[in-house]
Amino acid sequence: MSILDLQQTLREKVRQTALEKFNVELEQVTTEVPPKTELGDLAFPIAFELAKRLKQNPRNIAETLKSALESFDFVGKVEVAGAGYLNVFYNRTKFLTENADKDFFKTSDENSPKVCVEHTSVNPNKAAHIGHVRNSVIGDTFVRILKANGKRVEIQNYIDNTGVQVADVVVGFVHLRKLNLAQIKELVENLEVPFDYYCWDLYTEVGKFYAKNEENKKLRAEVLHELEKGEGEIYELADFVATRNVECILRTMERFDIRYDLLPRESEILHLHFWQKAFELMKERGVIHLETEGKNAGCWVMPFDSHTANEEHEADKILVRSNGTVTYTGKDIAYQMWKLGLLGLDFNYKLFQTYADGKQVWITTAEKSEAGYIPEFGGSETVYNVIDTRQSYPQEVVKKGVATIFPEKGEAASVHLNYEMVALSPAAAEELGFQLSDEDKKRLFIEMSGRKGLGVKADDLIDRLEANAFNEVEARHKEISDDEKNLIAHQIAVGALRYFLLKFTKNTVVVFDFKEALSFDGETGVYCQYTAVRTNSIFRKLEENGLATAIKTVSDNPNDVAEIFDSGIGNDIWSMVALAFRLEETILQAALTTEPAILAKYNFNLAKAFNLFYHNHKIISEENAVKRAVLIVIADLTRRALTAGLQTMGIEVPERM
RNA sequence: GCGCCCGUAGCUCAGUGGAUAGAGCGUUCGGCUCCGAACCGAAAGGUCGCAAGUUCAAUUCUUGCCGGGCGUACCA
């Protein structure tokens, strides 16, 4: 019986007993983890609540509930503590013997309803920076969390290939560099820096070009117009540039072990008439109307009464501009409807690329779909959009819009998985070579800006981390090959960066600081990896079949095991077991609260607890056979929980480090 | 103006209607003949922004105020 099942059973018993003995129907039975192992494994503060309703002493109530729980065989004992806590102690021996070789994950159920996670969605006009990586890492980790909970997940990375940002870099190629498509193709062949780095710089040049003269922005409008047409030389040039950038960004993300199933493109939302269809539906259901007077005259707007209007802003959200073009939010509503299987139209698809292990990424196309097998995309039960909190307002419009057209689907199907931005500390900005104004120097943080070229590029950072890790590995393991050192350095770099981005809760602004991000000590992914490597090394040193023998020894000698748990070190080693078994509920909680940081904290605490355990107990050299077996089984449980927990964060455990 | 978020140790951050509010970094001290020291232990460090309210119980919930951030685009 798993911890989750056990908890559920105990909660049910409490509910039943409250009904039988006190005639009280409890809607929800809350539990908590006592602050110390000595106080038990699970606490019910329920007596406080009942005391109020029954006007009785909480301790007396707790005593009554106590006997009901004690009859259950997975429960060792129950104590009433403090003012009326009901503290449950699990039957440690039974628990350990029954779960010694437990698997930590549910297997993904192919028949369960599909959910969709959209993340990354970087504008394909420049290299990805650390802020984009926060998005991708949160998204990818959330995908892993859902899968660990048995969900079937489709991963989409939206490509805004016809938007303002792509138009700007096209302006750079055409009007600043004076290049045509053939010349750009030639440039790509001979470039010394990656193409997305080249675009990064060009994009900032375009920013300066616009700042110099407002007139220059007319060029952007011209390009945008060409992009909307969906044909012609400029369109093909833009398509080439955007596609090369998508390739670069996918390559960057692959370094972090982040992959996608589908790349839906904005151009297809337009050219396959997704928007027209959504527009018709919205008009039919009266969700939007044509404004005839005032500031928004000539626009199709969606009323949005949770915002109040003032002199500067109308409360309504414009979906179609007075010149007839659609806003991003409008297109997003159509896209969201498709994701939920509500639109009644589908994309055409072609294969974009195949990863080294054979996994495929597909992309949408306006042309006919490729012949042969095409996976089914879209039509998800629930959609999680991983987008930073600055886009809460348009996301709210999308959610409300879709729910108004399809009330049967409702708002709950669209989840904006929002998180705060990554900004730079003033010191980090200066380290990147940016001159700060006196005003900026006083700020707590400085927002990154693609337009200004202010940001830490993802590839630069991972390069630096890998170089540092390589040096550390070399200092410790002179004997291994450079290939292996490179692999380990890569795993460490990914571990460091992914953990760094996941240890902050979503609504904390990450103020990027090089020293912190590059650290391998303390609360880091590297610390967790090191601990896992250490646990593995115990098992390398152990005799053959050492683990199997230990498991057998433990199950054959319950009385001796019980004696160990009752001894002076009992609480100490049991707390290790209890923590390792908390992985499952941690992952469930992370899914329910859409908060991956919970998992990061758990992994760190588990690693920390193991390091302490490791220092306090000599495992291999322990002479008492049963005690040795118990220690081995616990070390094995811990390493499997830690490895699984890290894997769910997208962090691998190196062979050595 | 309105909406959302934040204010907890020197710094960066967790956390909870309830048991002694925690971690990392930094500082000081101690620990490798011993399963890996990218480690472990100890010490110091707190009016949980301020005030009122709800409650048996508030750092947590409510309201107001102060300070900071982000939105509130015919950008995304």
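Lettering of chains follows the sequences in order, A, B, ..., and the numbering in each one begins at 1.
- Picking from B/A19, B/C13, B/A38 the nucleotide with the shortest atom distance to the side chain of A/Tyr530 gives B/A38.
- Under 4.0 angstrom from either OP1 or OP2 of B/C39 there lies no side-chain N or O belonging to A/Lys608.
- A/Arg476 contributes a side-chain N or O that forms a donor-acceptor pair with the base of B/A38 under 3.5 Å.
- Between A/Asn507 and B/C6 there is a side-chain N or O to OP1 or OP2 distance below 4.0 Å.
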Is there a ring pair (Phe, Tyr, Trp, His ring centres under 6.0 Å) between A/Phe610 and A/Phe613 once you walk through the steps? CA-CA 5 Å; A/Phe610 183 79; A/Phe613 173 86; 5.7 Å; yes
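- Within the structure, a side-chain polar atom (N or O) of A/Arg534 is placed less than 4.0 Å from OP1 or OP2 of B/A37.
- In this model, the phosphate group of B/C35 is not approached by any side-chain N or O of A/Arg639 to a distance below 4.0 Å at OP1 or OP2.
- With a 4.5 Å cut-off on side-chain heavy atoms, A/Met302 and A/Lys400 count as touching.
- Across B/G71, B/A76, B/A19, the shortest atom-to-atom separation from the side chain of A/Leu39 is found for B/A19.
- Within the nucleic acid shown, A/Glu516 comes within 4.0 Å of sugar-phosphate atoms alone, with no base atom in reach, counting heavy atoms only.
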Evaluation steps, salt bridge (charged side-chain N to carboxylate O under 4.0 Å, His left out), between A/Glu543 and A/Arg628: CA-CA 13 Å; A/Glu543 69 278 5; A/Arg628 183 173 186 267; 3.1 Å; yes
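- Donor-acceptor pairing under 3.5 Å, judged by distance alone, is absent between the side chain of A/Asn468 and the base of B/A38.
- A/Pro58 comes within contact range of no nucleotide atom at all, as no heavy-atom separation falls under 4.0 Å.
- Among the heavy atoms of the strands lying under 4.0 Å from A/Lys618 is at least one base atom, whether or not backbone atoms are also near.
- Residue A/Asn57 is classed as having no contact, given no heavy-atom separation below 4.0 Å to the nucleic acid.
- The base of B/C74 sits with one of its N or O atoms less than 3.5 Å from a complementary donor or acceptor on the side chain of A/Ser322.
- Side-chain nitrogen and oxygen atoms of A/Tyr527 include at least one within less than 4.0 Å of the OP1 or OP2 phosphate oxygen of B/C40.
- Regarding contacts with the backbone of B/A76, every side-chain N or O of A/Tyr328 stays at 4.0 angstrom or more from both OP1 and OP2.
- Within 4.0 Å (heavy atoms only), A/Glu447 reaches sugar-phosphate atoms of the nucleic acid but no base atom.
- Under 4.0 angstrom from either OP1 or OP2 of B/G3 there lies no side-chain N or O belonging to A/Ser392.
- Using a 4.0 Å heavy-atom cutoff across all strands shown, A/Val164 reaches sugar-phosphate atoms only and no base atom.
- With A/Tyr335 as the aromatic partner, A/Lys339 meets the cation-pi criteria of under 6.0 angstrom to the ring centre and within 45 degrees of the ring axis.
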